[in-house]
Amino acid sequence: MFALYVGLAVAILLIVLNIVLSKLSFPKEGRILAIIVVLVGYIYWGFEPFAHHEMHPHVEDASYAFDGKQDIEALEHAGKDATETKAFWASMAKIAEHKGDAVAGKALVTANCTGCHSIKAEGFAEVMSDADAAVSYGVTPPDLSIAGRVYDRNFLIAFIANPVKAMHIEHKYPVGGEKVFPMPASDFMQPQEIADMVAYLADAASKVPAPKVKEGASEFEISKAANKEVFETACVRCHAMNYAGIQAKTSADAMSKYIGATPPDLSQYIRSRGDHYLHNFINDPQRKLPGTGMPRVGLNEKAQTQVVEYMTQIGDSKKDEREALGPKVLIYLTILAIFALLWKQKIWRDLH
Amino acid sequence: MAEFEKANSIGEWFDQRLNVKAFTKVMMTEYWIPKEINFLWAMGALLVMLFKLLIITGIFLLMYYKPDVNMAFDSVNYTIMQEVGYGWLFRNIHGVGASVVFLIIYIHMFTAIYYGSYKKGREMIWLSGMLLFVLFSAEGFSGYMLPWGQMSYWAAYVITEIFGGIPFIGGDLVIWIRGNFYVADATLTRFFMLHVLLIPVVLIGAIAFHFYTLRFPHVNNEEGEFFDYKKESEKYLAGDKANSKVIAFWPDFLSKDFMVIAIFMIFFFYLVFYNNGFAMDPVNFDKADGMKTPAHIYPEWYFLWSYEVLRGFFFEIGGISGKDLGLMAFGFAQGIFLVLPWLDRSPMVKPANQRPVFKYWFWLLMADLFVLTIFGKLPPTGINAYVGFFASTTFLGLFISLPFLSKIEAKIVGGK
């Protein structure tokens with residue numbers, strides 16, 4: 001309906017423009033050009049920005065607070081009971097107030113986590129191969145070497161306490177349901193203990209050196225290597241990136257048993273989804289695609305930016321070349337247009 | 001064989017063999033174009049320029065493209081876009097060019113409608129132009145299938161499905177067109193053939209024919225004036241260029257065309273580098289998957305108006321299903337522009353705004369096509385479906401009423 005009003009507005013605008021321009025003895029060609037520019041601009045607005053706006057309703061931008069506010073709002077908006085979710089996130093906020101101790105955390109992590117998770121940078125090797133792990137757990141458990149750098153602190157706290165709630169996938173693992181999430185909730189632990197474990201993960205991650213690059217590597221290659229490290233931790237357990245030669249750690253078969261769908265190859269996602277969508281989606285998939293099997297992974301702002309940047313570096317690898325060549329071509333054409341204009345004027349001088 | 005004297009220059013050598021001087025006169029320096037024209041008359045040359053860009057970039061793309069359902073997507077999005085030097089540039093020019101060529105075709109076409117350049121001897125120009133429109137549509141549609149993305153696949157599915165609505169033979173026809181029961185490898189390879197061989201060859205012939213149709217009736221002018229070309233060209237040749245109503249194709253007319261083309265190319269390459277999403281739909285960067293229907297299926301912007309006519313009829317009228325009604329309306333919309341010279345029964349050849357009845361018809365048609373285009377992309381739910389129905393019936397009504405309206409105009413203007 002909105003479009004119809006705008007259509008009418010443009011029609012009226014055109015008529016007014018036509019009358020005003022003719023009264024002002026505006027050159028005829030300028031008048032025609034003005035009308036065509038308005039018409040073409042209007043049709044472009046209609047089938048691009050307006051159509052996108054109608055087909056993809058706006059959602060709130062990504063939030064890196066990981067305080068459960070959006071989950072509670074979503075539940076309340078849907079008219080569901082949010083009491084339990086509210087209580088959970090309130091207790092998480094309490095845990096976050098504790099200052100963690102990395103040394104105590106190391107002992108706790110060694111005792112509680114390394115049975116399933118590797119922390120290669122700290123010398124905790126994988127317990128079994130990726131394929132065996134996928135069979136045992138449903139999905140290959142992540143290595144935790146840089147977890148403390150990639151994931152938000154609040155998210156890690158909530159995740160240790162209750163992975164299903166933190167990842168916003170209660171619809172896949174309802175309480176008392178048939179399926180049980182492979183990692184057990186640890187909400188029985190003391191708040192201080194959880195804070196200690198997270199402090200240890202952050203401390204361990206801070207000691208991991210930047211990924212190695214070739215001698216004399218360009219800035220692009222250095223940033224690509226750093227981004228790839230984050231991408232591999234955050235995405236590659238489930239997703240492949242074929243255009244970078246990266247295969248998912250968990251096989252497609254295992255994944256489809258695990259979540260009931262095969263996670264897509266991400267090679268072209270920067271083109272098919274765009275960075276704005278990706279940022280909102282990764283931040284909380286349920287908001288953009290309700291019911292999806294993809295969990296909220298809890299990346300902090302920096303890590304998420306790196307992930308999206310890596311997707312651009314692989315999926316749109318010529319972006320820099322394109323942006324560097326663009327101005328040169330446009331300047332060349334502008335000069336050409338000036339010469340074309342002068343030549344035309346020279347020829348037409350005799351004709352008038 | 002005629003005796004050839006020894007040539008004194010290279011020019012003379014060619015002239016003896018190819019009659020270059022006379023040919024240049026006939027085709028260029030003494031091919032007469034009216035002087036009363038504006039930049040809209042450069043759209044033809046601009047289309048030639050865009051067509052050349054499409055052919056050249058197409059040749060480069062053809063060197064790396066693989067017409068196979070398992071390889072097509074990656075050959076475009078990986079090999080061409082990322083591996084081949086400047087492959088991305090060729091693809092962007094080709095993709096944006098294909099979209100922009102339709103913008104210019106529409107401007108060209110509605111310029112002809114606005115100035116009445118399809119009647120009183122110019123019918124063949126119009127008919128050959130509409131033939132080109134059909135060929136370009138087929139070329140655009142077949143090319144859109146080649147990257148084998150989700151939109152490629154589902155557009156191919158929806159459009160080939162349309163033929164299923166033809167009585168008696170529909171079902172078999174769809175299978176014949178697809179080369180399979182569903183859109184598959186055979187479909188891709190045959191549309192590849194159409195896109196790179198058959199249609200381009202026919203297109204080049206049709207373009208030449210379109211130029212030829214202009215030769216005798218001459219290009220229309222801004223005031224729709226008919227004058228004596230012989231008298232005016234003599235004036236020009238005698239040196240009185242200022243008072244002649246004609247100009248030479250070369251260099252007069254083409255100098256203006258080049259200016260318009262050069263200015264337009266700035267805009268065109270801005271789109272190529274910085275704003276190409278409108279021509280290369282994001283959904284098409286997801287690989288084709290016959291098991292997963294995209295949330296919204298829509299054609300490229302230039303087919304939206306006819307797509308909206310197709311789905312405008314969503315309920316049964318008089319025992320005929322909405323689908324069949326839509327199909328009939330769609331067929332009508334595809335063919336009706338072709339017979340425009342015979343629907344417009346007013347003898348007046350003037351800009352639409354100077355014609356007492358036609359001006360309302362023209363601007364109403366424009367407004368209707370805008371509504372059809374914009375709603376053609378939106379999901380046809382709720383109020384949108386009714387707007388679509390209303391706009392589709394308006395479209396049909398406009399063309400059905402044109403013979404009567406133009407007859408009224410003929411009476412008002414009394415044969416002028």
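So that the names make sense, note that chain A is the first sequence line, chain B the second, and so on, each numbered from 1.
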Chain B heavy atoms under 4.5 Å from [X]: which part of the residue, side chain, backbone, both or neither?
X	value
Leu325(A)	both
Pro264(A)	neither
Leu33(A)	both
Tyr269(A)	side chain

> Could Lys28(A) and Glu222(B) be called an ion pair, given the rule that one side-chain N must be under 4.0 Å from one carboxylate O?
Replying inline: yes
> Would Asp286(B) and Arg273(A) pass as an ion pair if we require N to O under 4.0 Å?
Replying inline: yes
Where on [X] is there a heavy atom nearer than 4.5 Å to chain A: the side chain, the backbone, both, or neither?
X	answer
Phe264(B)	neither
Ile261(B)	neither
Tyr274(B)	side chain
Ile247(B)	side chain
Ile263(B)	both
Asp240(B)	neither
Asn284(B)	neither
Asn276(B)	side chain
Asp289(B)	neither

Is it true that, when you exclude [X] itself, more than 12 heavy atoms of the residues, nucleotides or ligands shown sit nearer than 6.0 Å to its [atom1]?
X	atom1	answer
Tyr64(B)	OH	no
Phe220(A)	CZ	yes
Met28(B)	CE	yes
Phe390(B)	CZ	no
His52(A)	NE2	yes

Interatomic spacing from [atom1] in [X] to [atom2] in [Y] - rounded to 0.5 Å:
X	Y	atom1	atom2	value
Lys287(B)	Ser267(A)	NZ	OG	9.5 Å
Lys344(A)	Asp252(B)	NZ	CG	10.5 Å
Glu29(A)	Ile37(B)	CD	CD1	8.5 Å
Ile314(A)	Tyr78(B)	CD1	OH	8.0 Å
Phe73(B)	Gln268(A)	CZ	CD	5.0 Å
Met265(B)	Thr334(A)	CE	OG1	13.0 Å

>> Angle between ring planes, Phe278(B) versus Tyr44(A), binned at 30° and 60°: parallel, tilted or perpendicular?
In response: perpendicular
>> Does the plane of the ring in His56(A) sit parallel, tilted or perpendicular to the ring in His296(B)? Use 30° and 60° as the thresholds.
In response: perpendicular
>> Quick check on ring pair (Phe, Tyr, Trp, His ring centres under 6.0 Å): which of Trp45(A), Phe50(A), Phe47(A) does Trp301(B) satisfy it with?
In response: Phe47(A)
Looking only at heavy atoms, what is the nearest atom pair of [X] and [Y], with distance?
X	Y	value
Trp363(B)	Leu39(A)	CZ3-CD1, 4.5 Å
Asp350(A)	Lys241(B)	O-CB, 3.6 Å
Ile266(B)	Leu333(A)	CG1-CB, 3.8 Å

> Are the side chain of Lys35(B) and the backbone of Leu351(A) linked by a donor-acceptor contact shorter than 3.5 Å?
Replying inline: yes
> Counting N and O atoms only, with roles assigned by atom type, does the side chain of Gln82(B) sit under 3.5 Å from a partner on the main chain of Gly315(A), one being a donor and the other an acceptor?
Replying inline: yes
>> Between Lys377(B) and Glu48(A), is the salt bridge (charged side-chain N to carboxylate O under 4.0 Å, His left out) condition met? List the steps.
In response: CA-CA 9 Å; Lys377(B) 192 155 180 179; Glu48(A) 273 291 291; 3.4 Å; yes
> Is there a donor in the side chain of Tyr243(A) and an acceptor in the side chain of Asn77(B), or the other way round, less than 3.5 Å apart?
Replying inline: no
> If we ignore angles and hydrogens, is there a donor and acceptor under 3.5 Å between the side chains of Glu321(A) and Trp88(B)?
Replying inline: yes
>> As a quick check of understanding, evaluate side-chain contact (heavy atoms from CB on, under 4.5 Å) for Ile270(A) and Phe285(B), giving each step before the final call.
In response: CA-CA 9 Å; Ile270(A) 192 67; Phe285(B) 286 88; over 6 Å; no
>> Determine whether Met81(B) and Arg271(A) satisfy the following criterion, side-chain contact (heavy atoms from CB on, under 4.5 Å), listing intermediate values before the conclusion.
In response: CA-CA 12 Å; Met81(B) 290 299 278; Arg271(A) 294 300 310 259; 3.6 Å; yes
>> Quick one, Met259(B) with Trp343(A), criterion side-chain contact (heavy atoms from CB on, under 4.5 Å). Give me CA distance, side-chain angles, the key distance, then yes/no.
In response: CA-CA 8 Å; Met259(B) 179 189 77; Trp343(A) 183 51; over 6 Å; no
> Does Val329(A) reach the side chain of Val272(B), with side-chain heavy atoms less than 4.5 Å apart?
Replying inline: no
Counting heavy-atom pairs under 4.5 Å to chain A, which of [options] comes out on top?
options	answer
Gly87(B), Pro282(B), Pro251(B)	Pro282(B)
Ser255(B), Gly376(B), Ala262(B)	Ser255(B)
Asp74(B), Ile107(B), Leu103(B), Val283(B)	Asp74(B)

> Between Ile43(A), Val40(A), Leu336(A), which shows the greatest number of heavy-atom pairs under 4.5 Å with chain B?
Replying inline: Ile43(A)
> Do you know which of Ala340(A), Gly326(A), Gly46(A) has the most heavy-atom pairs under 4.5 Å to chain B?
Replying inline: Gly326(A)
>> For Leu89(B) and Lys318(A): C-alpha separation, side-chain torsions, deciding distance, then whether side-chain contact (heavy atoms from CB on, under 4.5 Å) applies.
In response: CA-CA 10 Å; Leu89(B) 180 60; Lys318(A) 301 290 178 166; over 6 Å; no
